[in-house]
Amino acid sequence: MKIGRYTVDIIETGRFRLDGGAMFGVVPKTLWEKATPADSANTIAMTTRSLLLRDDVRIILVDTGIGDTGNEKFRSIYSVDRSEHEMVAALAAVGLTPADVTDVILTHLHFDHAGGCVREADGQLELLFPDARHFVQKRHWLWALEPSEKDRASFIAERFLPLHDAGILTLLDEGEEVFTDIDLHVVDGHTFAQQLVRIEGDDASVLYAADLIPMSAHIPAPWVMSYDLQPLVTLREKHAVLERAAEHGDILVFEHDPLVEAATVLRGNRGYTMERSGTLQEMLAASRV
Ligand SMILES: [Zn+2]
């Protein structure tokens with residue numbers, strides 16, 4: 001299915017689990033567990049869902065997921081499960097290998113978004129997309145190099161520093177455009193200078209909402225993660241994105257929702273709710289009728 005000049009595919013690269021309380025901030029468990037059931041350790045199921053955009057020249061991947069690196073302790077804390085989904089197999093399913101990818105847009109450098117930039121080979125880390133140019137906001141890169149005590153566990157530098165060392169990293173200034181019909185929407189609530197990816201077509205607009213709206217359960221504006229550095233900024237940024245989505249029928253893609261891939265939203269008296277949901281392909285097909 002195409003949006004404008006791009007053929008769009010979803011690339012699912014793995015499952016993992018995070019603390020349900022941390023995922024929903026001040027929202028009581030009695031409310032969030034209806035949407036996302038927790039296990040005995042209070043963790044909820046999550047996925048890592050990348051976006052693949054292809055035109056005649058470029059093959060652009062948005063985010064690289066949690067990757068296959070990390071020791072047993074890391075994998076067990078986050079219940080990393082790649083038995084059903086992983087990057088190389090998911091690319092193969094659409095007829096590609098990692099070497100075909102020309103560009104990688106990283107929304108931000110948290111390990112569940114940029115961890116898949118490297119893979120383990122003979123006990124060493126190597127770049128998975130060594131020939132691709134990788135794009136990160138400059139302000140975010142600088143923050144990732146020296147995060148605060150609150151968020152430093154989310155950054156694993158050995159999984160993104162090799163991009164810089166190999167000379168395949170491009171640091172962007174806010175407002176800089178890189179690809180035709182792709183808009184990078186910079187937000188500061190979750191972390192500093194996260195870039196969301198908007199693709200504009202004639203009859204549809206898709207917003208890859210990354211960690212501004214990671215799961216469909218986060219559509220209500222005040223459902224903000226505890227991980228966020230500036231929750232009130234997130235709230236404002238969510239209102240802006242949701243208002244536009246409700247008005248224009250934008251299709252939101254959820255990077256971390258294991259069940260709901262994409263949805264449109266409605267604005268009602270009690271805030272924003274999900275209107276229609278489905279796979280991105282289904283949502284794009286529906287937007288054309
Ligand atoms: Zn994040």
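Whatever order the structure lists ligands and atoms in, that order sets their numbers, starting from 1. Predicted model only: the values in this text are computed from it and were never measured. Start at 1 with the first residue, then count along the sequence.
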Under 3.5 Å, side-chain donor or acceptor atoms of residues 91-98 against the rest of the protein: list the pairs with distances, not counting sequence neighbours.
from  : atom 1 : to     : atom 2 : distance (Å)
Thr97 : OG1    : Ala99  : N      : 3.3
Thr97 : OG1    : Asp100 : OD2    : 3.4

Exercise for the section: State, yes or no, whether a side-chain contact exists between Glu86 and Thr13 at a heavy-atom distance under 4.5 Å. Expected result: no
Practice task
Check whether any side-chain heavy atom of Ile105 lies under 4.5 Å from a side-chain heavy atom of Phe179, and answer yes or no.
Solution key: yes
Exercise for the section: For the Zn ion (ligand 1), count the protein N, O or S atoms found under 2.8 Å away. Expected result: 4
Exercise for the section: Kindly state whether the ring of His218 and the ring of Phe24 have centres lying under 6.0 angstrom apart. Expected result: yes
Problem - Pair Ser50-Asp63, side-chain donor/acceptor within less than 3.5 Å - result: no
Practice task
Inspect the contact between Asp56 and Arg5 and indicate whether a charged nitrogen and a carboxylate oxygen are less than 4.0 angstrom apart.
Solution key: no
